[in-house]
Number of protein chains: 2
Amino acid sequence: MRTILRACALMLSTALCAAGQSQPTVRVMPLPASIEMDSGQLLIDRSFSVSVTGYRDPALDRAIARFVVQLSRETGIPFWSASGGRSPTLLIHAEHARANPQKLGDDESYALAVTPSRAELSAPNPIGILHGLESFLQLVEPSASGFIVPALTIHDQPRFPWRGLLIDVSRHFIPPDAIKRNLDAMAAAKMNVLHWHLSDDQGFRVESRRFPRLHGMGSEGQFYTQADIREVVAYARDRGIRVVPEFDVPGHSRSWFLGYPQLASGPGPYSLEGNAAPAMDPTRESTYRFLDRFVGEMSGLFPDRYFHIGGDEVDGKQWDANPKIQKFMRAHHIEDNRALQAYFNRRLLKILAKHHKIMVGWDEILHPNLPTSVVVQSWRGQQSLATAARQGYSGLLSHGYYLDLMWPAARHYAVDPMSDAAAGLTPEEKSRILGGESCMWAEWVTPEIIDARIWPRNAAIAERLWSPQSITDADSMYARLESFSLRLEWFGLTHTSARTLMLRRMAGTEDVAALALLADALEPVKDYTRWKANPHADFHAPLNRMVDAVYAENDVARRFRDAVQAYLQGGHSDAALEAQIRAHLIAWRDNDATLRPLLNDRSLLQELAPISANLSALSAAGLQALDYLIRGGVSPEPWRTQQLALATQAKAPAADMLLVVVSPIEQLIEATVPPASPPSLR
Amino acid sequence: MRTILRACALMLSTALCAAGQSQPTVRVMPLPASIEMDSGQLLIDRSFSVSVTGYRDPALDRAIARFVVQLSRETGIPFWSASGGRSPTLLIHAEHARANPQKLGDDESYALAVTPSRAELSAPNPIGILHGLESFLQLVEPSASGFIVPALTIHDQPRFPWRGLLIDVSRHFIPPDAIKRNLDAMAAAKMNVLHWHLSDDQGFRVESRRFPRLHGMGSEGQFYTQADIREVVAYARDRGIRVVPEFDVPGHSRSWFLGYPQLASGPGPYSLEGNAAPAMDPTRESTYRFLDRFVGEMSGLFPDRYFHIGGDEVDGKQWDANPKIQKFMRAHHIEDNRALQAYFNRRLLKILAKHHKIMVGWDEILHPNLPTSVVVQSWRGQQSLATAARQGYSGLLSHGYYLDLMWPAARHYAVDPMSDAAAGLTPEEKSRILGGESCMWAEWVTPEIIDARIWPRNAAIAERLWSPQSITDADSMYARLESFSLRLEWFGLTHTSARTLMLRRMAGTEDVAALALLADALEPVKDYTRWKANPHADFHAPLNRMVDAVYAENDVARRFRDAVQAYLQGGHSDAALEAQIRAHLIAWRDNDATLRPLLNDRSLLQELAPISANLSALSAAGLQALDYLIRGGVSPEPWRTQQLALATQAKAPAADMLLVVVSPIEQLIEATVPPASPPSLR
């Protein structure tokens with residue numbers, strides 16, 4: 001009886017889609033485990049009201065109040081007196097209280113039944129209600145008869161119990177308000193763990209009262225007060241989100257050493273800047289006394305059972321160079337630096353256990369000497385996740401979910417924690433794979449940029465971790481992603497609006513249409529290309545260039561590519577597609593002349609001049625290719641060679657960006673190759 | 001030596017302007033009293049720093065911290081360690097402290113000298129520094145060599161000491177965060193009074209501890225706590241803004257009577273809804289005991305010397321119908337209701353004096369029996385302002401500054417407090433005109449809409465009240481207004497972004513380009529037309545229609561009109577202008593076909609179908625008119641008559657909006673009339 005509507009999924013534009021269909025599209029993201037469509041629809045008008053039966057607490061009331069505010073924003077109908085009707089539009093029923101603090105594996109299921117006369121949302125506990133309210137909000141849509149929710153029945157629960165987002169606040173500080181709006185967006189995507197990467201070489205971001213030089217000397221004044229932390233943790237809990245702090249040790253810990261150099265394995269002095277990668281001294285008892293007191297203090301701030309100790313990329317140079325450490329290793333029969341880190345981790349594990357915490361760490365903590373109670377987070381791939389699971393460790397996948405690598409959503413979406421090496425695990429081993437986490441490493445991110453770097457792509461990862469494994473249609477995902485993205489703006493996310501402000505800043509004018517047209521053909525370079533081009537990253541440098549403004553994945557370029565592919569696959573006979581492609585190419589071809597005076601007159605735009613020129617020349621070539629295709633499909637060889645050479649050149653990274661429309665234009669040009677001659681009969 | 005650059009003022013697009021000029025444009029708004037341009041420019045780069053000499057206090061430090069954050073937003077350069085350099089880029093010097101609380105007539109002057117090597121900002125007290133920092137921020141612009149401030153010297157001070165904005169929070173509640181962002185915008189426009197219209201028939205919005213049924217029964221739960229009030233008052237003071245509360249009595253006070261019906265002149269019962277206009281009973285001593293205690297409590301919240309008692313539009317029906325009141329009037333020789341209100345005001349004046357407050361009220365309070373210490377705010381015009389000034393009263397102009405009437409900025413800009421009847425006053429009488437206030441009455445406003453209803457037009461009024469009377473060039477004003485508007489987004493104002501979100505809500509899709517194209521041809525109806533069409537206003541009704549989303553003044557339509565006028569005045573020979581006009585007309589003509597399926601499929605958009613059809617038909621007519629003009633300039637009479645009839649019909653309000661591009665299209669059509677024949681010789 002499961003009927004998941006995928007109408008419109010293959011269409012290029014949601015606008016066309018929305019206008020042209022009669023059946024409602026199910027725009028819920030992540031897609032629920034089960035949806036049964038009914039006929040009819042529930043009208044959302046001024047008479048809308050909510051009632052609660054069953055378990056009720058102030059947090060649930062706050063959630064409903066937020067829901068009502070959001071519903072008002074979505075519809076423009078003021079619902080501020082919506083509660084307490086006798087025949088409510090939406091009836092909410094939770095069976096019993098949720099755990100406090102929220103635990104891994106808490107029941108998150110809910111059921112939502114919508115008929116033309118009312119909606120009923122029920123769940124074992126308020127976490128399910130939170131999720132169900134998000135689904136309800138996503139189902140609201142304008143129609144010819146007003147705002148409606150289609151009649152349907154949803155039974156929903158997550159595939160994985162751990163669906164996290166890591167936010168690195170060390171490389172660039174992200175203030176509490178930006179964290180909070182991202183928590184709102186996470187809740188909308190039904191993610192349930194904020195993995196807060198609070199310390200690293202470049203900054204220690206939490207106020208410590210026991211060791212005030214940690215934030216005092218390690219943060220340049222940019223840190224969370226303990227009140228901030230408590231507020232964010234409470235804000236997250238209200239939204240069904242656990243907060244797992246990460247304090248990365250014994251490597252990635254330079255910021256600790258500015259205030260407490262005695263923790264380090266080398267002599268110092270230490271600075272937040274530069275590329276040095278010192279490590280803690282695992283051979284001194286004082287290190288563990290410090291960590292014990294530190295973990296004790298942090299345990300009071302972070303109620304979650306899990307505590308992330310990092311443990312990745314420990315650089316052993318300081319250990320190798322320190323005679324006392326070498327002597328210690330010999331005396332204790334510690335054969336290499338890996339074993340020394342394992343020794344450190346075992347000591348740290350005892351400290352965490354004393355404070356009732358479960359250890360989480362990156363791949364590198366995996367070592368035969370460690371008990372299976374620890375959770376391994378894999379940034380290296382499903383192989384190490386599977387290895388850990390076979391050895392009895394619980395695991396989380398992050399490989400394939402690094403948002404800072406600027407991949408398209410579809411590429412993240414295709415990464416499944418249970419695929420590749422993990423596919424061959426036994427059911428018991430598979431049950432140890434708890435889920436995954438997307439990662440927002442913050443080398444090239446500021447509060448202004450971070451929303452656009454996380455969203456909307458992160459919702460594709462959220463769906464991967466929530467929805468059944470069989471849900472893999474990227475076109476359907478993109479259709480829902482656009483709708484999800486639109487909705488995020490009501491939460492105050494700046495993932496689309498920031499680009500306009502940044503373009504205006506670069507241009508110094510409100511009229512940035514021409515600059516936006518260029519930006520629509522661009523994406524940042526992928527993977528670690530920017531990092532490699534700027535190895536001595538200066539985290540105080542302005543991030544105000546075009547590369548910082550353009551979307552990680554560009555919908556305009558994606559749709560253009562899809563249109564070109566559909567056009568070519570259809571034997572270049574679709575006139576509407578041709579017109580659409582032509583319109584883009586004409587606009588890009590002509591844009592350079594409009595834009596050039598501005599590009600030359602603005603320091604931040606000068607690097608774009610050759611890119612704009614390339615786009616113009618290639619668009620002209622693409623238009624000519626279209627003409628050849630219409631007039632028989634064949635272009636003269638010298639022209640083709642020349643244009644393809646131009647395309648190759650235009651594909652190279654420039655100003656840390658890629659001209660992502662080159663490939664489809666190249667395909668248009670390549671399609672004008674004469675058909676291969678039949679093999680010679682001679 | 002005063003050289004005010006007005007380059008570009010006559011150009012239609014700031015983009016063209018910004019790109020094409022070599023001299024920097026002075027984009028400061030309000031325009032300073034005096035600017036002297038020098039050569040060269042000060043570079044704003046990562047080395048930027050600020051130092052303070054002279055008087056310094058925590059409020060000044062906060063102002064500088066805000067300035068540095070804004071400068072970071074404007075440039076994308078992180079300046080979080082900008083203070084304390086030994087050779088500062090910007091040197092700030094205030095002579096002495098400012099008054100506490102801020103007073104009418106405080107010295108607000110400042111001087112700003114920028115050379116290629118440094119900038120110096122000096123002022124008698126920190127209020128001038130606040131203003132100078134806003135000017136500095138507005139002077140920053142991107143150039144070929146980076147962000148710069150042009151070398152110049154500004155000596156600046158306001159023309160009027162009272163430059164206010166009234167925000168009505170009674171008809172629709174405006175929460176503190178929306179008030180705060182508008183205070184930021186006011187500070188940017190150098191406005192110095194928030195006139196907070198806190199009570200009216202439809203709502204009493206302040207927590208009263210002495211009379212808790214005021215907000216308890218008179219606000220439907222939507223009110224400011226006393227903590228909110230204190231926070232907003234402090235926020236305003238930090239920005240050089242006085243807060244003058246208004247509690248409108250004895251009319252416009254229905255909301256008081258829900259909790260305290262004994263104050264009213266009639267029997268009740270009272271409700272927040274409906275059009276009834278009851279008034280307080282001015283004949284009972286208990287009314288004055290109540291007001292005394294009430295004013296006493298409010299005086300503790302609002303430190304400003306001025307206290308606004310409303311006093312407008314008192315409806316005497318209840319007084320006429322109440323035998324006790326009639327008896328009282330006879331006994332006290334009070335001849336009419338006007339005299340009864342004067343009696344009430346004299347009593348109230350004593351109460352205010354007891355609490356050290358100066359009375360402000362609307363025109364109607366003016367009565368020979370009132371001492372000249374009161375301030376009269378004129379919503380009726382310069383005539384009553386002049387009358388008051390001649391009688392010795394101080395006055396404020398609001399007539400001509402009603403933002404809710406949806407006038408274009410230029411119309412407000414042309415209204416001068418010293419013009420018309422006021423122009424003939426003696427210097428002493430003129431000195432009684434303290435300034436003016438724009439008014440944001442909130443019948444059709446919500447927190448989502450209010451920014452766009454106030455800004456950017458309000459900055460034109462701010463300039464009128466700050467800059468010398470001789471500054472009247474509307475084209476120059478509009479050029480600066482666009483720049484000002486752009487800058488407001490960095491403060492979190494939603495005056496341009498809200499439209500997009502509202503269009504998306506109506507359409508249910510992210511792709512609202514076609515809908516925006518239609519919106520660009522529309523403005524809300526003007527003056528009280530919407531009010532007259534909806535006399536029984538329901539303040540709980542959703543404000544989510546197109547009329548609520550479109551800009552009060554539409555820049556696209558304004559530029560189109562200017563282009564048509566320039567084209568026709570130039571004898572329709574300018575090909576570039578013609579192409580610009582033609583592009584608009586083609587887009588509007590073709591838009592209806594794109595848009596129609598969506599308009600039909602969305603309840604909120606259905607009312608737009610005939611408007612979109614009219615726009616399409618008229619744009620086709622405009623294109624045909626252009627063709628006639630090119631081919632000799634004459635159209636056939638029957639065609640012309642038909643098209644002009646269509647234009648007349650399309651000009652009528654529809655869906656509470658005006659198709660504001662009809663008039664310029666009509667002008668194009670009218671330009672195809674054959675030249676008048678010479679008088680017959682017969």
Side-chain angles (χ1 to χ4, degrees), chain A residues 13-20 46 72-78 80-81 141-147 172 220-222 446 448 482-483 485-486 489-490 496-497 500-502 504-514 540-545 548 555 597-598 600-606, chain B residues 13-20 46 72-78 80-81 141-147 172 220-222 446 448 482-483 485-486 489-490 496-497 500-502 504-514 540-545 548 555 597-598 600-606:
Chain A
S13 154
T14 49
L16 289 172
C17 174
R46 289 174 67 180
S72 274
R73 284 193 192 142
E74 268 195 60
T75 60
I77 305 171
W80 38 275
S81 54
E141 58 184 317
S143 79
S145 44
F147 288 95
H172 284 93
E220 297 177 288
Q222 296 201 308
T446 65
E448 176 175 66
E482 287 190 25
S483 171
S485 176
L486 178 158
E489 304 245 343
W490 301 113
T496 59
S497 59
T500 304
L501 294 186
M502 294 177 77
R504 286 180 186 167
R505 170 202 288 158
M506 292 184 255
T509 163
E510 204 158 15
D511 181 4
V512 289
H540 294 104
L543 296 181
N544 58 1
R545 293 160 61 217
D548 302 305
D555 286 343
L598 188 70
N600 292 334
D601 203 38
R602 298 287 182 266
S603 62
L604 286 171
L605 299 180
Q606 282 158 358
Chain B
S13 156
T14 49
L16 290 172
C17 174
R46 289 175 65 179
S72 274
R73 284 194 190 142
E74 267 196 63
T75 60
I77 305 171
W80 38 274
S81 54
E141 59 184 316
S143 79
S145 44
F147 288 95
H172 283 92
E220 299 177 289
Q222 296 200 308
T446 65
E448 174 176 67
E482 288 191 25
S483 172
S485 176
L486 178 156
E489 305 245 343
W490 300 113
T496 60
S497 59
T500 303
L501 293 186
M502 293 177 77
R504 287 180 185 167
R505 169 201 288 158
M506 291 184 256
T509 165
E510 205 157 15
D511 181 5
V512 291
H540 294 104
L543 297 181
N544 58 1
R545 293 160 61 216
D548 303 305
D555 285 342
L598 188 71
N600 291 333
D601 202 38
R602 299 286 183 266
S603 61
L604 286 171
L605 301 180
Q606 282 158 359

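Just so we're on the same page: letters track the sequence lines, and every chain starts at 1. Bear in mind the structure is a predicted one, so any value in this text is a computation, not a measurement.
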Side chain to side chain contact (heavy atoms under 4.5 Å, CB included) partners of R73(B), counting only residues at least two apart:
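For R73(B) the side chain to side chain contact (heavy atoms under 4.5 Å, CB included) partners, ignoring immediate neighbours, are V69(B), Q70(B), W490(B).
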
Applying side chain to side chain contact (heavy atoms under 4.5 Å, CB included), name anything that partners A144(B), two or more places apart in sequence or on another chain.
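With neighbours one apart ignored, the set is D601(A), Q606(A).
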
In terms of heavy-atom proximity below 4.5 Å to chain A, should [X] be classed as side chain, backbone, both, or neither?
X: L501(B); result: both
X: A513(B); result: neither
X: T75(B); result: backbone
X: R505(B); result: both

For R602(B) and M506(B), what are the C-alpha separation, side-chain angles and deciding distance, and is it a side chain to side chain contact (heavy atoms under 4.5 Å, CB included)?
CA-CA 7 Å; R602(B) 299 286 183 266; M506(B) 291 184 256; over 6 Å; no

[X] versus chain B, the contacting section by heavy-atom distance below 4.5 Å:
X: A541(A); value: both
X: S497(A); value: neither
X: N600(A); value: backbone

Nearest 0.5 Å, please: how far is CE in M502(A) from CG in L604(A)?
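Output value for this atom pair is 9.5 Å.
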
Let me confirm one number: the CD1-NE2 distance from I77(A) to H540(B), rounded to the nearest 0.5 Å.
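NE2 of H540(B) is found 14.0 Å from CD1 of I77(A).
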
With side chain to side chain contact (heavy atoms under 4.5 Å, CB included) as the test, would you mind laying out the steps for L486(A) and E482(A) before giving the verdict?
CA-CA 6 Å; L486(A) 178 158; E482(A) 287 190 25; over 6 Å; no

